[in-house]
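See structure below.
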Protein chains: 2
Amino acid sequence: MNIEELSQKILNGDRRALARAITLVESGRSDHREQASALLADLATHRRQALRIGLSGTPGVGKSTFIESFGMFLIAQGLRVAVLAVDPSSARSGGSILGDKTRMERLTRERAAFIRPSPSQSHLGGVARRSREGVALCEAAGFDVVLIETVGVGQSETVVAEMSDLFLLLLAPAGGDELQGVKRGIMEMADLILVNKADGALKPVATRTCADYAGALRLLRKRPQDPEGYPKAMMVSAIEEQGLSDAWDEMQTLTSWRRENGHWDQRRADQAQYWFDQEVRQALLAKLDTSAVRGRMAELAANVAAGEQSPSAAAQVMLAELGAS
Amino acid sequence: MNIEELSQKILNGDRRALARAITLVESGRSDHREQASALLADLATHRRQALRIGLSGTPGVGKSTFIESFGMFLIAQGLRVAVLAVDPSSARSGGSILGDKTRMERLTRERAAFIRPSPSQSHLGGVARRSREGVALCEAAGFDVVLIETVGVGQSETVVAEMSDLFLLLLAPAGGDELQGVKRGIMEMADLILVNKADGALKPVATRTCADYAGALRLLRKRPQDPEGYPKAMMVSAIEEQGLSDAWDEMQTLTSWRRENGHWDQRRADQAQYWFDQEVRQALLAKLDTSAVRGRMAELAANVAAGEQSPSAAAQVMLAELGAS
Ligand SMILES: Nc1nc2c(ncn2[C@@H]2O[C@H](COP(=O)(O)OP(=O)(O)O)[C@@H](O)[C@H]2O)c(=O)[nH]1
Ligand SMILES: Nc1nc2c(ncn2[C@@H]2O[C@H](COP(=O)(O)OP(=O)(O)O)[C@@H](O)[C@H]2O)c(=O)[nH]1
Ligand SMILES: [Mg+2]
Ligand SMILES: [Mg+2]
């Protein structure tokens, strides 16, 4: 593969070249990895940036429907939109959260849109790097907005928030005892909470849910990267395409403020350092990532849970077996 | 040191032996470490358990005052109470959050109480292990309740929550814009929120703060280890010794329920596995814990932040230098 040629094509916005490049960065082969590194290093010199919007929410909340509506809205504003997914479960299920292209029928047919499902990988660390590289490729290809979708499972929200300029949390209307649990830290990561399905019979419930979350947001510590009054909770209806323009206005207000106050660049720099640190740590911890070691860890953990060995004593045994004590 | 003799004395509730044993587990000398391991292994066979209560809150919220009042209350119920601290900053400040024994004058003089400040250590991992071992020693010495105090800094709340059967969050009354920010995940860890200083002119504010947090708690996902209606937010006054009995009732209701439903044992088993896992990981990451490596990491991180190197490329450099690539 001619990397210079591929690079040039991507910079020219060639969709097939972009798709090929994403396949390249997703490959585990070491020669592909080297080519991918060279390609990314070359593209990085052009310093093109998109607005990276992370989007999280439980299954059924309306992520796909929202991406379809919001994506079409952005395209109508003259913007080019890429959609990627970070799906920690795709390795196991073999499927993908962006498999339901049925909900993105219109967007799929748009020339100004590019949709790519999650890479399947055995661990989130691998998915994270490939997704970050996918985002970088879409930026180089000249997309204005990159939407990065994830379902709220384990650490995947953190992974997506750490590669996004804006992180949106989609919630469904829920009343009284059904109030959905907010996962640890997720509210603190959100730049905007969108209560979806604010339409028809659900509208009153959505209104109350939105007020509840607005209240909960006020209880959070004010973050330096937010102007007064942010983060906000708002209502949208992905199906009826309501509230999309207001939500976009808020996103633009927030990003303009952050750009003017240095927080945009700071966040990107912090994220780059975060990923550097993560990659070093993950490589050092990779010793634990073989099925033999996982099995032995589970055995020792069972002893520890049964009170037969102290955590420290079991750790000494494991480290000795790893040749790391 | 005769470990068998020390062990026997601790089991007999000898306070000086307990203090010596804590000094032993806090030592970094390898022969001391071996003795400590032998001692802990011996004591573990007796399987004595105390109720471990973790307690967190920002400076000035009234932790020391609460421990004094609540400790005296427990002693009046005929219970023996040990107080330990986990203080991530003690290494730097040289001081200790339990240094202010002036606020624990009465408790300090009680024979049924044992108070021990935080071990000073250079990193939280070290503090965590020594604190866990201190808790185990107090349990072996026959204390009924072990209070583990921490100030809410960085990861110290997680450390304390992961060694506690009950985790209490102490908050101060705060109104309107002064509402204190709840740190990431902290609310999800709390088994009971206590709004302190619910006395005098602060009472109405405390009432509102308590209602706000009760509302915020209802927004959290229900945890399997809680009966219906938990976790709760309550008001106390450490100074006027109000609400202590109600708070203790709630703690007892919660622990009884958990004991009956298997969650008490499950939590202890989960915590033991957590610490096993943490010790293995921390040992593998110890390569990064020298000043030379920290300096080099900072250099590379600066390049990454400046956009001169990608996170992955910089990580490769670091790993090669560590001989781990
Ligand atoms: N009433 C209503 N239903 C919606 C809305 N958005 C999505 N849905 C429905 O919610 C269900 C799940 O939507 P989907 O986009 O697949 O959710 P995802 O799992 O988060 O991607 C589908 O039946 C959608 O038609 C909305 O704005 N209003
Ligand atoms: N009004 C009132 N003041 C309290 C109460 N508890 C503690 N304080 C005061 O709050 C200040 C800090 O208390 P302290 O126990 O040292 O807080 P710590 O830093 O969390 O250990 C002191 O001036 C205490 O007298 C209370 O219940 N009511
Ligand atoms: Mg979907
Ligand atoms: Mg204090």
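Throughout, a chain's letter reflects where its sequence line sits, starting with A, and its residues are numbered from 1. When reading the values below, keep in mind they use all heavy atoms of this one structure, side chains included, and skip hydrogens, waters and symmetry mates.
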| field | Close contacts, residues 266-275 of chain A versus chain B, judged by heavy atoms under 4.5 Å | value | Ala269(A), Ala272(A), Gln273(A), Trp275(A)
| message | Taking every non-hydrogen pair under 4.5 Å, which of Ala286(A), Ala314(A), Ala216(A), Ala302(A) racks up the most with chain B? | response | Ala314(A)
| Contacting moiety of Leu40(A), where chain B heavy atoms sit under 4.5 Å | neither
| task | Could you look at Ser312(B) and say if it's the side chain, the backbone, both or neither that has a heavy atom under 4.5 Å from chain A? | result | both
| Does Leu284(B) reach the side chain of Leu319(A), with side-chain heavy atoms less than 4.5 Å apart? | yes
| field | side chain to side chain contact (heavy atoms under 4.5 Å, CB included) against Ala190(A), all qualifying residues, sequence neighbours excluded | value | Leu169(A), Ile193(A)
| task | Determine whether Gln309(A) and Phe276(B) make a side-chain contact, defined as any pair of heavy atoms from C-beta on separated by less than 4.5 Å. | result | no
| Checking heavy atoms, do the side chain of Ala136(A), its backbone, both or neither come under 4.5 Å from chain B? | neither
| field | Toward chain B, the part of Ser310(A) with a non-hydrogen atom under 4.5 Å | value | neither
| remark: Okay, Ala301(A) and chain B: the region with an atom under 4.5 Å from a heavy atom over there is both
| request: For the residue pair Pro311(A) and Gln278(B), establish whether any side-chain heavy-atom pair is separated by less than 4.5 Å. | output: no
| Region of Met297(A) in contact with chain B, defined by heavy-atom distances below 4.5 Å | both
